[in-house]
Visitor: 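Supplied in structure tokens, the structure appears directly below.
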Amino acid sequence: ASSLAAKINFKALRRKPSKSFNVRIVTIDAEMEFSCQVKWKGKDLFDLVCRTIGLREAWFFGLQYTEKGSVAWLKMDKKVLDHDVSKEEPVTFYFLAKFYPENAEEEMVQEITQHLLFLQVKKSILEEEIYCPPEASVLMASYAVQAKYGDYDPKIHKPGFLAQEELLPKRVINLYQMTPEMWEERITACYAEHRGRARDEAEMEYLKIAQDLEMYGVSYFSIRNKKGTNLMLGVDAFGLHIYDPENKLTPKISFPWNEIRNISYSDKEFAIKPLDKKTEVFKFNSSKLRVNKLILQLCIGNHDLFMRRRRVDSLEVQQMKSQAREEKARKQLERHRL
Amino acid sequence: PVPKFGPYQKALREIRNSLMPFANESG
């Protein structure tokens with residue numbers, strides 16, 4: 001026992017626990033609490049969350065918080081506590097998709113990545129943040145039902161089985177003189193057609209429809225042009241778009257990422273310099289400097305992903321894709337056997 | 001360019017047609 005005591009580093013035992021604080025991470029379907037060290041940077045916390053939920057395709061996601069009423073994202077290279085977050089514990093962050101793929105089927109490999117995006121997009125559609133026409137709402141609802149309930153079986157899925165589910169945006173329901181039973185019948189008719197689709201496949205079908213919706217993946221900001229006209233700026237995976245505030249579906253002008261030379265701001269003035277020198281520089285003002293910072297952050301991130309998609313996949317992504325293909329094949333074989 | 005909702009166009013058309021008789025007049 002004495003030799004064991006000699007081996008124990010008493011200094012280490014006496015060391016005070018490192019300073020830490022509690023954080024609450026809210027994902028689209030779960031909440032978790034972590035002890036975060038005061039010295040941790042955004043990346044340390046973000047990596048811990050990704051590891052905990054088993055997410056490797058981390059580049060689509062970020063930790064969101066509210067800064068003086070506007071949306072902000074945790075910076076990876078800045079200390080967590082140096083952000084303008086409420087210091088009341090637990091400090092809360094929302095783990096959400098910050099960037100969207102151009103093509104979910106080609107780019108999203110892991111089931112968890114697809115699932116988180118599916119849940120987030122579904123919520124945005126039901127909450128009417130993304131406009132979705134009635135027929136697409138019904139078809140997507142039928143895929144959401146397939147993902148949750150598996151194959152349709154009239155012996156199990158009796159009339160009324162969807163009564164408690166929120167499946168359609170209220171705006172869509174209000175457009176028609178249909179009872180809840182009629183909606184269920186309509187959705188079930190489509191649902192019955194999806195027989196054989198596994199959960200991940202049904203969720204991917206949902207995303208494939210969603211990604212053709214005009215407002216999918218667009219972050220909107222109120223801006224004013226040099227003449228003082230109110231406009232909307234949209235940032236997405238394809239580029240920058242300028243909208244009339246009355247019509248967030250069809251942009252008046254678009255600047256694809258590969259046609260932009262430079263984006264910059266000084267104070268509140270933002271400038272988009274097109275690659276074509278003959279095209280005029282588009283200048284606008286946003287509401288706050290903080291908003292400009294967020295716009296630029298989204299521009300840089302989306303542009304990086306745009307460039308990355310056009311290069312050969314990194315070794316890590318190649319390995320992930322091949323593992324995912326093997327896993328999918330194994331699961332399909334298993335299903336066939338069953 | 002790939003048309004929007006490419007492989008889903010037929011299904012979407014069928015759903016649209018099935019909903020049409022129930023559309024609110026204001027809609």
Side-chain angles (χ1 to χ4, degrees), chain A residues 102-106 131-143 145-146 167-194 197 201-202 204-217 238 249-250 254 256, chain B:
Chain A
E102 282 178 38
N103 183 335
E105 198 172 34
E106 276 175 22
Y131 170 79
C132 186
E135 61 275 20
S137 302
V138 170
L139 186 58
M140 291 162 83
S142 70
Y143 279 113
V145 172
Q146 176 73 21
L167 292 167
L168 297 168
K170 285 201 176 60
R171 181 189 47 79
V172 168
I173 294 171
N174 292 337
L175 285 173
Y176 298 89
Q177 289 181 339
M178 286 172 65
T179 60
E181 293 76 21
M182 288 160 83
W183 282 115
E184 184 183 281
E185 215 175 283
R186 192 57 258 158
I187 293 170
T188 307
C190 297
Y191 163 42
E193 306 263 312
H194 307 327
R197 298 252 189 216
E201 290 170 343
M204 185 47 80
E205 291 301 307
Y206 186 102
L207 286 174
K208 278 162 65 182
I209 306 168
Q211 68 191 9
D212 276 357
L213 300 172
E214 289 89 343
M215 294 175 77
Y216 167 90
F238 300 94
L249 299 184
T250 316
S254 279
Chain B
V2 185
K4 276 197 169 190
F5 307 116
Y8 308 99
Q9 279 180 350
K10 186 171 168 273
L12 291 172
R13 200 168 42 244
E14 281 171 12
I15 299 169
R16 193 163 39 238
N17 291 340
S18 74
L19 294 177
M20 217 180 282
F22 306 102
N24 279 330
E25 277 176 27
S26 57

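Sequence lines set the chain letters: A, B, ... in the order given, protein chains first and strands last, and positions in each chain run from 1. Since we're looking at a predicted model, the values are computed, not measured.
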Visitor: Among pairs that include at least one residue of residues 5-22 of chain B, which meet salt bridge (charged side-chain N to carboxylate O under 4.0 Å, His left out), considering only residues two or more places apart or in two chains?
Guide: A:Glu135-B:Arg16, B:Lys10-B:Glu14
Visitor: In chain order, what residues pass the side chain to side chain donor-acceptor pair (under 3.5 Å) check against A:Glu205, with sequence neighbours excluded?
Guide: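 For A:Glu205, the residues satisfying side chain to side chain donor-acceptor pair (under 3.5 Å) (neighbours in sequence not counted) are A:Lys208, B:Tyr8.
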Visitor: Atom CZ of A:Arg186 and atom CG of B:Leu19: how far apart are they, to the nearest 0.5 Å?
Guide: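 Output value for this atom pair is 6.5 Å.
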Visitor: Return yes if some donor-acceptor pair links the side-chain N/O of A:Asp212 with the main-chain N/O of B:Phe5 below 3.5 Å, else return no.
Guide: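 Yes, because the side chain of A:Asp212 sits within donor-acceptor range (under 3.5 Å) of the backbone of B:Phe5.
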Visitor: Which value, rounded to the nearest 0.5 Å, describes the distance between A:Leu175 atom CG and B:Asn24 atom CG?
Guide: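 Between atom CG of A:Leu175 and atom CG of B:Asn24 there are 7.0 Å.
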Visitor: Crowded around B:Gln9 CD? As in, over 12 foreign heavy atoms under 6.0 Å?
Guide: yes
Visitor: Got a second to check how far B:Ser18's OG is from A:Met178's CE, nearest 0.5 Å?
Guide: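 Between atom OG of B:Ser18 and atom CE of A:Met178 there are 7.0 Å.
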Visitor: Shortest non-hydrogen contact from B:Ala11 to A:Leu139?
Guide: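 So the two residues come closest at CB-CD2, 4.2 Å.
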Visitor: Between A:Leu213, A:Ile209, A:Val138, which residue shows the highest count of heavy-atom pairs closer than 4.5 Å to chain B?
Guide: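 The residue among A:Leu213, A:Ile209, A:Val138 with the greatest pair count is A:Ile209.
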